[in-house]
Amino acid sequence: MAASILLAPSLSRFKFLLLRSFIPRLRKPSLISHLANRSLTSPSLKPCTRVATRSVPSFSSRHDVVMLGIETSCDDTAAAVVRSDGQILSQVISSQADLLVKYGGVAPKMAEEAHALAIDEVVQQALDNAKLTEENLSAVAVTIGPGLSLCLRVGVQKARRIAGKFRLPIVGVHHMEAHALVARLVNKKVQFPFLALLISGGHNLLILAQSLGHYVQLGTTIDDAIGEAYDKTARWLGLDMRRGGGPALEELALEGDATSVKFSVPMRQHKDCNFSYAGLKTQVRLAIESRNLPTENVPISSASSDDRRSRADLAASFQRVAVLHLEERCQRAMEWALKIEPSIKYLVVSGGVASNRFVRARLNDVAGRNGLELVCPPPRLCTDNGVMIAWTGIEHYLMGRFDPPPPPNEPEDFQYDLRPRWPLGEEYSEGRSVARSVKRARVHPSLTSIIQGSLTQQ
């Protein structure tokens with residue numbers, strides 16, 4: 001049975017709480033030492049070997065925490081070193097853009113191989129750029145979900161090797177929480193509670209962040225995310241995908257008439273905060289076919305002026321409706337969030353699609369109408385990166401939420417308890433939609449339920 005230890009967030013009394021996490025399933029029973037030298041009474045525990053641990057840093061040393069963050073959840077291999085005072089000491093990203101073009105999207109096995117080839121160099125470069133070695137680190141943070149299992153495993157394995165060799169604690173990080181919390185790194189005014197919209201190729205998520213590790217899910221995608229819709233539309237329009245479908249489509253849309261093609265806004269009949277982009281994708285494909293555009297055989301660079309104009313009109317019309325769907329959902333989410341937490345001041349928008357200037361401008365208007373301030377990380381911190389993982393690791397580490405160092409020599413066949421399907425928060429009661437059917441299955445309890453459960457056991 002997979003087991004992990006989570007340190008309860010108390011500076012006066014430390015005890016480990018047994019939770020399922022990303023510690024590997026051991027072939028033999030293992031023993032875990034207790035910081036307070038007290039035994040746990042859980043019937044599932046068996047005698048085991050002692051594991052060295054570190055205590056929560058004292059208040060005076062909290063500005064001296066140095067965290068290595070590792071991210072391999074999808075198609076970018078990333079690492080960064082960040083200090084707890086907010087200083088980014090290094091950031092390194094190895095992109096798989098060429099693979100995305102070749103395979104028309106993320107091919108999990110190819111992505112895993114690319115991660116495996118790049119991970120050692122990326123992590124070493126991050127340390128070198130920070131002018132540090134592993135011995136200078138306080139801990140290692142790594143994405144354990146959600147994401148592609150094959151890809152997650154590469155990052156977790158690397159993190160555990162470093163932590164085991166240098167006796168460092170590990171912080172398992174929720175990828176979507178990291179997208180939300182990086183806003184607190186770049187803008188120190190952002191305090192809990194706040195509303196967050198997380199938008200990327202694989203996710204549309206509206207959450208109310210009430211405190212660190214406590215999130216209410218107001219809305220999510222029932223099928224395709226907005227980033228997937230951008231990428232697919234860009235590909236159908238024959239755009240250069242090496243830069244990414246989103247940036248290419250945003251640029252072409254500037255040349256088009258956003259009202260020329262009448263696309264329907266998704267899910268207006270559903271009075272919730274959930275998202276759907278599958279239907280809009282179908283509308284775009286049918287519009288392309290009805291205009292007989294030779295997009296599959298003629299890239300945009302070879303298109304005639306009339307052909308280019310037609311593609312630009314389609315791009316602009318798609319973008320207008322895609323973002324209008326975001327606006328409408330955000331408007332309702334703000335109303336719900338302000339009813340739950342009237343003190344909210346900020347709307348955080350993060351994730352790869354948050355780099356889009358049109359998206360930012362439209363959501364800034366919506367936020368302003370509701371008395372909120374829009375906060376977006378810079379584009380380099382919107383896409384997947386190691387900085388957001390390191391910073392989220394720091395926030396939890398300072399709360400005492402980390403796992404002890406793993407054994408220094410783990411076999412290659414260890415089975416890591418990864419979390420490819422891992423909700424961030426519990427659903428808001430008014431947010432449950434009858435339209436949701438495709439992605440209801442949960443493999444793991446939400447991050448919020450795990451942390452809240454640990455607090456009740458103190």
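Taken from NZ in K345 to CG in L372, the straight-line distance is 11.0 Å, to the nearest 0.5 Å. To the nearest 0.5 Å, atom OG1 of residue T77 and atom CG of residue L117 are 9.0 Å apart. The CE atom of M399 lies 6.0 Å from the CG atom of L212; values are rounded to the nearest 0.5 Å. Rounding to the nearest 0.5 Å gives a distance of 5.5 Å between CD1 of I93 and CG of N385.
Among all heavy-atom pairs drawn from L208 and A337, the shortest one is CD1-CB, 4.3 Å. G425 and T448 get closest at one heavy-atom pair: CA-OG1, 3.5 Å. T72 approaches H115 most closely through the heavy-atom pair O-NE2, 3.7 Å. In this structure, S276 and H325 approach most closely via the heavy-atom pair N-NE2, 3.2 Å.
Q124 and D120 share no donor-acceptor pair across their side chains, judged by distance under 3.5 Å alone. Counted by atom type alone, S446 and E426 present one or more donor-acceptor pairs between their side chains at under 3.5 Å. A donor atom on one side chain and an acceptor atom on the other are not found under 3.5 Å apart for Y346 and Q191.
With salt bridges taken as basic N to acidic carboxylate O contacts below 4.0 Å, one links K281 and E228. Checked for salt-bridge contact, E335 and R332 miss the test: no charged N lies under 4.0 Å from a carboxylate O. In this structure, E410 pairs ionically with R160, as a charged nitrogen and a carboxylate oxygen lie closer than 4.0 Å.
In this structure the side chain of V66 never reaches within 4.5 angstrom of the side chain of N136, judged on heavy atoms. Contact of the L127 side chain with the S90 side chain is not registered, since no non-hydrogen atoms from C-beta on lie closer than 4.5 Å. Side-chain contact between Y428 and I340 is present, with heavy atoms from C-beta onward closer than 4.5 Å. Taking 4.5 Å as the limit, every side-chain heavy atom of Y230 sits out of range of all side-chain heavy atoms of I199. Using a 4.5 Å heavy-atom threshold, the side chains of T233 and Q319 count as separate. Two residues are said to be in side-chain contact when any heavy atoms from C-beta on lie closer than 4.5 Å; W422 and I144 meet this criterion. Within the 4.5 Å cutoff, the side chain of C151 has no heavy atoms near those of the C74 side chain.
Between F275 and Y277, the ring planes are parallel. Angles under 30° get that label, and only those over 60° would be called perpendicular.
Judged by distance alone, with hydrogens and angles left aside, the side-chain atoms of R329 form no donor-acceptor pair with the main-chain N or O of C273 at under 3.5 Å. Formation of a donor-acceptor pair under 3.5 Å by the R184 side chain with backbone atoms of V190 is found in this model. Judged by distance alone, with hydrogens and angles left aside, the side-chain atoms of N356 form a donor-acceptor pair with the main-chain N or O of F358 at under 3.5 Å.
Around the NZ atom of K131, the shell of radius 6.0 Å holds no more than 12 heavy atoms that belong to other residues, nucleotides or ligands. Open room surrounds CD on E121; 12 or fewer heavy atoms of other groups in view lie less than 6.0 Å from it.
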side-chain contact (heavy atoms from CB on, under 4.5 Å) between F318 and L249, worked out: CA-CA 9 Å; F318 159 79; L249 189 143; 3.9 Å; yes
Could you pull out every donor-acceptor pair under 3.5 Å between side chains of residues 175-182 and any protein atom, sequence neighbours left out?
| residue | atom | partner | partner atom | Å |
| --- | --- | --- | --- | --- |
| H175 | ND1 | E71 | OE1 | 3.2 |
| H175 | ND1 | S73 | OG | 3.3 |
| H175 | NE2 | H179 | NE2 | 3.2 |
| H175 | NE2 | D384 | OD1 | 3.1 |
| E177 | OE1 | H396 | NE2 | 3.0 |
| E177 | OE2 | Y215 | OH | 2.5 |
| E177 | OE2 | H396 | NE2 | 3.1 |
| H179 | ND1 | C382 | O | 3.4 |
| H179 | NE2 | D384 | OD1 | 3.1 |

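The side-chain contact (heavy atoms from CB on, under 4.5 Å) test with W391 is passed by exactly one of I88, L185, V186: L185.
Residue pairs meeting the ring-ring contact (aromatic ring centres under 6.0 Å, His included) criterion with at least one partner in residues 185-208, sequence neighbours excluded, are F192-F194.
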